[in-house]
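Here the structure is a predicted model, which is why all the values come from computation and not from measurement. Note that the numbering runs from 1 along the sequence shown for the chain. In what follows, every heavy atom counts, from backbone to side chain, and hydrogens, waters and symmetry copies are set aside.
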Amino acid sequence: MAICRVRALVSLAKRNSTFISPMRTFTSSCQFESVGFIGLGNMGYRMANNLMKAGYKLTVHDINFDVMKTFSDMGVTTKETPFEVGETSDIVITMLPSSSHVLDVYNGPNGLLQGGNILRPRILIDSSTIDPQTSRKISAAVSNCSLKEKKDLWENPVMLDAPVSGGVVAAETGTLTFMVGGSEDAYLAARPLFLSMGRNSIYCGGAGNGSAAKICNNLALAVSMLGVSEALVLGQSLGIAASTLTKIFNFSSARCWSSDSYNPVPGVMEGVPSSRNYDGGFASKLMAKDLNLASESAKQVGLKCPLTSQAREIYTKLCKDGHETQDFSCVFRHYYSGKDEL
């Protein structure tokens, strides 16, 4: 099942992609029948489940033994260490909370790179949201390794940084968007796996560019949510109902995702975190983490980013005030003191 789907998707990717390299092309990912997955949290659990539904043979690892048992009960092979996952997989995907976790999974005592300079996986994909510098550092380390078993044009293992957009709902429904940095040949070979977990995959360029794209995306998202929330609260203070102002936004130049798809005002829109007391969605602590990554990246390249700094300060305060687990749109209520729509 998976093999037929993979062949069709690879053929489609090669016809439609504008990123095919004239230098060399790896054979299709039909060879990637054994997939390792490390990190089975809210996102990873659902992504791994979709790979299983697509017919891939999975091997998984997580520090949470309960979630490991859940996969084991479904007939999935589980391993006690990342290194053991790598030893049984053609390709390995990681989905972890932070840069330090990724470094530990790759370079730790039982990490993926602890078998010397010889690796079995041909491609290692990191879908965590981390800083581009860490992605590039790990990519270089992986490229310096050799393959345990060479096939076709594969001479060395390759790493792709492939963070996602869409959150838990998109992970559940298989509609994530992947932002991918690294070798474009490896990207094309791995694209069928991305399309088993998501609806879109976008090639962003060299190593670290996927991570850079994700940071920039979330920076824009944070600033737009703050702008929409601030404007809606000002409108309320001036006597305009949030629902009325939202309609104006959505029919005019202020329209954006934070107003028309993820409105922060309780009572204005159904099916979004603001409609359920900001439960679920994208936690404020994760937005604060991503804004820290954006701020540090800007500092490293010498770029002044005043909106990044302000947004980081606001979300850091939101977390310190006890709202770190609530959706990031709760900034409307807990920072701006906005009122619910009755």
Side-chain angles (χ1 to χ4, degrees), residues 3 6 10 13-14 19-39 51 56-61 77 79-96 99-128 130 132-163 178 180-194 203-211:
I3 295 177
V6 164
V10 168
K14 288 183 178 179
F19 301 108
I20 298 176
S21 167
M23 299 300 293
R24 61 170 181 159
T25 303
F26 300 127
T27 52
S28 81
S29 57
C30 290
Q31 57 192 304
F32 303 134
E33 295 178 38
S34 299
V35 179
F37 205 107
I38 300 170
L51 286 172
Y56 288 100
K57 179 184 175 183
L58 275 186
T59 301
V60 301
H61 168 75
T77 301
K79 295 293 182 181
E80 294 186 3
T81 68
F83 177 75
E84 291 176 289
V85 172
E87 286 294 284
T88 59
S89 305
D90 298 321
I91 189 165
V92 174
I93 302 169
T94 50
M95 186 56 155
L96 302 161
S99 300
S100 61
H101 293 93
V102 175
L103 286 168
D104 185 60
V105 163
Y106 273 86
N107 299 329
N110 297 300
L112 291 165
L113 302 183
Q114 289 311 299
N117 291 324
I118 306 296
L119 295 178
R120 174 180 169 175
R122 288 167 176 73
I123 299 181
L124 298 106
I125 299 172
D126 180 43
S127 288
S128 316
I130 63 174
Q133 294 78 14
T134 297
S135 293
R136 288 164 182 153
K137 184 187 302 182
I138 297 174
S139 177
V142 169
S143 297
N144 286 330
C145 295
S146 298
L147 285 171
K148 181 175 288 187
E149 183 182 350
K150 297 183 180 180
K151 286 185 179 180
D152 304 311
L153 295 178
W154 291 91
E155 297 176 358
N156 300 95
V158 180
M159 180 189 173
L160 296 173
D161 48 286
F178 287 84
V180 188
S183 159
E184 57 186 347
D185 290 324
Y187 160 72
L188 284 175
R191 193 164 184 251
L193 280 90
F194 296 137
Y203 180 66
C204 301
N209 282 13
S211 295

Check whether [X] reaches the backbone of [Y] with its side chain - one donor and one acceptor, N or O, closer than 3.5 Å.
| X | Y | answer |
| --- | --- | --- |
| Asp161 | Gly208 | yes |
| Ser183 | Ala186 | yes |
| Thr88 | Val85 | yes |

Minimal non-hydrogen separation, [X] against [Y], with atom names:
| X | Y | result |
| --- | --- | --- |
| Asn156 | Cys145 | ND2-O, 2.9 Å |
| Phe178 | Ser127 | CE2-OG, 3.8 Å |
| Arg122 | Glu149 | NH2-O, 3.1 Å |
| Val102 | Ser128 | CG2-OG, 3.5 Å |
| Leu147 | Pro121 | CD2-O, 3.4 Å |
| Gly210 | Pro163 | O-CG, 3.2 Å |

How far does [atom1] of [X] sit from [atom2] of [Y], to the nearest 0.5 angstrom?
| X | Y | atom1 | atom2 | result |
| --- | --- | --- | --- | --- |
| Ile138 | Leu112 | CD1 | CG | 9.5 Å |
| Ile38 | Met95 | CD1 | CE | 13.5 Å |
| Leu119 | Ser146 | CG | OG | 8.5 Å |
| Ile91 | Leu193 | CD1 | CG | 5.0 Å |
| Glu87 | Thr81 | CD | OG1 | 9.0 Å |
| Thr94 | Asp126 | OG1 | CG | 3.5 Å |

Pair Asp185, Val158 - check side chain to side chain contact (heavy atoms under 4.5 Å, CB included), show working. CA-CA 10 Å; Asp185 290 324; Val158 180; over 6 Å; no

Return each pair, listed once, that meets salt bridge (Lys or Arg N to Asp or Glu O under 4.0 Å) where at least one residue sits in residues 100-121; pairs must be two or more places apart or across chains. Asp90-Arg120

Could you tell me if the side chain of [Y] sits less than 4.5 Å from the side chain of [X], heavy atoms only?
| X | Y | result |
| --- | --- | --- |
| Leu160 | Phe194 | yes |
| Pro192 | Tyr56 | yes |
| Val142 | Tyr106 | yes |

Restricting to pairs with a member in residues 134-145, which pass side-chain hydrogen bond (donor to acceptor under 3.5 Å, both in side chains), not counting sequence neighbours? Asp131-Thr134, Ser135-Ser211, Arg136-Asn209

Decide if atom CD of Gln114 counts as having more than 12 heavy atoms of other residues, nucleotides or ligands within a radius under 6.0 Å. yes

